[in-house]
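Residues: numbered from 1 along the sequence shown.
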Amino acid sequence: MDSTETSQTPGHQARSVGWIGLGSMGLAMAVNIQKHLVATGAPNLHYWNRTISKGQELAELGGIACENVADVPRSCAITFISVSDDQTLQSIVNEISTLGPLLEDKILVDTTTVHPSTTTSISTHLTSLGAVYIAAPVFGSTPVARAGQLLVAVAGDDEAIITISPLLQGVIARGVLRAGPDPAQALLLKTTSNMLTAGLTYLISEAHVLAEKTGLPSTVLESLIEQNLGSYAHGVSKRLTGGAYLPAAGVAPQSSLALGIKDVQHGVELASGVGMGLDVAGKYVGAAREAREWGEQRGRGLDSSAVYGVLRVRAGLGFENGVVRERDGGE
């Protein structure tokens with residue numbers, strides 16, 4: 001028996017699992033995996049984050065903190081990575097790579113949303129060291145991650161995907177999309193999804209601004225969105241009308257505006273590289289950058305749906321809707 005595996009039930013071995021990166025999404029997923037490991041009698045999750053205190057919730061559930069990032073894949077057969085962007089991911093991979101031959105047959109599952117070319121580069125590098133790299137970007141916000149209801153796309157080695165599947169559907173995700181053997185395909189799918197979400201957010205924002213300008217009750221419009229466009233569009237609408245687009249001071253956004261800009265810009269760049277433009281995605285990025293400037297001037301963290309505030313301003317309304325003004329005491 002490999003030192004990173006332990007017997008769980010007759011005929012089954014539970015592989016030790018690790019987690020790198022405890023942002024709001026990463027922590028939510030890691031907590032769900034740790035709960036699953038406890039429930040199934042598997043070894044506790046090993047975890048690392050640059051600010052290790054962010055793992056307090058995991059520690060209280062039995063998770064084991066690691067002093068160095070490379071200690072996670074050194075100790076575990078399967079390591080999940082969840083960081084913010086391409087540069088941070090590359091830094092993590094550089095540190096992990098110092099393990100050299102110790103990475104042989106280790107499965108690295110990367111949930112980070114990065115440019116597909118970044119995925120190709122990192123996959124090629126880690127594979128050359130003997131590791132098995134699975135791209136597994138996730139779809140959903142922090143509350144969805146907390147509920148274990150994300151959608152996840154996976155691409156890479158088929159046998160490794162089968163191995164990690166018990167940690168995906170029913171644990172961190174409501175469903176798993178198989179994108180093929182090339183890890184970059186999962187990121188192409190995620191980039192396309194980000195473009196669709198950005199466009200939907202922009203369009204629903206326009207609809208709500210138009211409704212307010214013309215006197216159509218937002219509740220009526222929102223009912224139409226729910227019944228005619230479905231639950232996903234309704235969720236986007238609720239982030240606007242409920243004020244989540246502009247979180248209260250000190251409250252983390254459901255989905256960071258900065259990451260939203262980064263993710264959609266990846267799509268814009270990909271399209272440009274194949275000789276096409278993404279008009280709606282480009283409009284989203286422009287409005288999102290205006291929103292970022294608004295937030296920076298006021299020291300406020302904004303949600304990726306904050307383009308709604310910008311479209312309000314462009315239409316002669318205030319950035320804050322009535323719900324936000326009431327919540328924040330009329331500021």
Evaluate the side-chain proximity of L58 to V31: yes if any heavy-atom separation is below 4.5 Å, no if none is. yes
Return the CD1 to CD1 distance between I81 and I20, rounded to the nearest 0.5 Å. 5.0 Å
Are side-chain heavy atoms of S255 and D303 found at a separation under 4.5 Å? yes
V285 and Y245: same hydrophobic cluster, using ILVMFWY side-chain contacts below 4.5 Å? yes
Check each of T191, N194, V114 against D263 using the side chain to side chain contact (heavy atoms under 4.5 Å, CB included) test, and report the only one that passes. N194
Applying the 4.5 Å side-chain criterion to the ILVMFWY set and letting contacts propagate, would L200 and I261 be lumped into a single cluster? yes
Exceeds 12 heavy-atom contacts within 6.0 angstrom, atom CD of E60: yes
Can you check whether R292 reaches L302 side chain to side chain, under 4.5 Å on heavy atoms? no
Could you please spell out the steps behind the side chain to side chain contact (heavy atoms under 4.5 Å, CB included) verdict for Y308 and R239? CA-CA 10 Å; Y308 172 55; R239 285 167 79 170; over 6 Å; no
Any donor and acceptor pair, going by atom type alone, linking the side chain of Y47 with main-chain N or O of G55 inside 3.5 Å? yes
Under 3.5 Å, is there a donor-acceptor pair between the side chain of Q185 and the main chain of A155? no
Side-chain heavy atoms of L167 within contact of H36, under 4.5 Å: yes
If you draw a 6.0 Å radius around CD in Q297, do more than 12 non-hydrogen atoms from other residues or ligands fall strictly inside? yes
Please indicate whether Q87 has more than 12 foreign heavy atoms, meaning atoms of other residues, nucleotides or ligands, lying under 6.0 Å from its CD. no
Quick one: do L89 and I96 end up in the same hydrophobic cluster if we chain Ile, Leu, Val, Met, Phe, Trp and Tyr together by side-chain heavy atoms under 4.5 Å apart? yes
Any chain of hydrophobic side-chain contacts (each under 4.5 Å) joining V93 to F80? no
Quick one: list whatever passes side chain to side chain donor-acceptor pair (under 3.5 Å) with E222, sequence neighbours left out. S237, T241
Is the backbone of V268 close enough, under 3.5 Å, to the side chain of S272 for a donor and an acceptor to pair up by distance? no
To the nearest 0.5 Å, atom CZ of R314 lies from atom CZ of F319 at 11.0 Å
Check the pair L108 / V132 against side chain to side chain contact (heavy atoms under 4.5 Å, CB included), numbers first and verdict last. CA-CA 6 Å; L108 301 174; V132 181; over 6 Å; no
Residue set satisfying side chain to side chain donor-acceptor pair (under 3.5 Å) with S117, at least two apart, ordered chain then number -> H115
Short question: side chain of K106, backbone of P73 - any donor-acceptor pair under 3.5 Å? yes
Hey, what do you get for CD1 (I204) to CG (L221), rounding to the nearest 0.5 Å? 8.5 Å
Could you check whether any side-chain N or O of R300 sits under 3.5 Å from a backbone N or O of P247, counting only pairs where one atom can act as donor and the other as acceptor? yes
Answer yes or no: is there a donor N or O on one side and an acceptor on the other, between the side chain of W294 and the main chain of E296, under 3.5 Å? no
Report yes if the side chains of L150 and M25 come closer than 4.5 Å at any heavy-atom pair, otherwise no. yes
Given side chain to side chain contact (heavy atoms under 4.5 Å, CB included), test Y133 with T119 step by step and report yes or no. CA-CA 9 Å; Y133 182 85; T119 295; 3.9 Å; yes
Are L45 and I172 linked, directly or through other ILVMFWY residues, by side chains that come within less than 4.5 angstrom of each other? yes
So how far is it from L168 CG to L177 CG, rounded to the nearest 0.5 Å? 11.5 Å
Distance-only side-chain donor-acceptor flag, Q227 / S223, under 3.5 Å: yes
Which of these passes side chain to side chain donor-acceptor pair (under 3.5 Å) with T118: D86, T112, T113, D85? D86
What one should report as the nearest heavy-atom pair of P43 and L37 is O-CD1, 3.4 Å
Between L259 and K262, does a side chain to side chain contact (heavy atoms under 4.5 Å, CB included) hold up when you go through it step by step? CA-CA 5 Å; L259 294 182; K262 180 263 295 182; 4.0 Å; yes
Any side-chain heavy atom of W48 within less than 4.5 Å of one from T79? no
For the student: nearest non-hydrogen atoms of V171 and N32, plus distance: O-CB, 3.4 Å
Hey, does the side chain of K213 reach the backbone of A315 with a donor-acceptor pair shorter than 3.5 angstrom? yes
For the student: nearest non-hydrogen atoms of I225 and H234, plus distance: CG2-N, 3.8 Å
Main-chain N/O of F139 paired with K190 side-chain donor or acceptor, under 3.5 Å: no
Hey, are the side chains of Q265 and R289 touching, using non-hydrogen atoms and a 4.5 Å cut-off? yes
Rounding to 0.5 Å, atoms CG (N44) and OG (S16) come to a distance of 11.0 Å
Do S304 and Y284 have side chains that approach each other closer than 4.5 Å (heavy atoms only, starting at C-beta)? yes
Could you report the tightest heavy-atom contact between R50 and S91, atom names first, then the distance? NH2-OG, 3.4 Å
Do NZ/NE/NH1/NH2 and the carboxylate oxygens of R298 and E320 come within less than 4.0 Å? no
Of all heavy-atom pairs between R178 and V154, which one has the smallest distance, and what is that distance? CD-CG2, 3.4 Å
Nearest heavy-atom pair of S82 and G26: which atoms, and what distance? OG-CA, 3.5 Å
Could you measure the distance from the NE2 atom of H125 to the OG1 atom of T120? Nearest 0.5 Å is fine. 14.5 Å
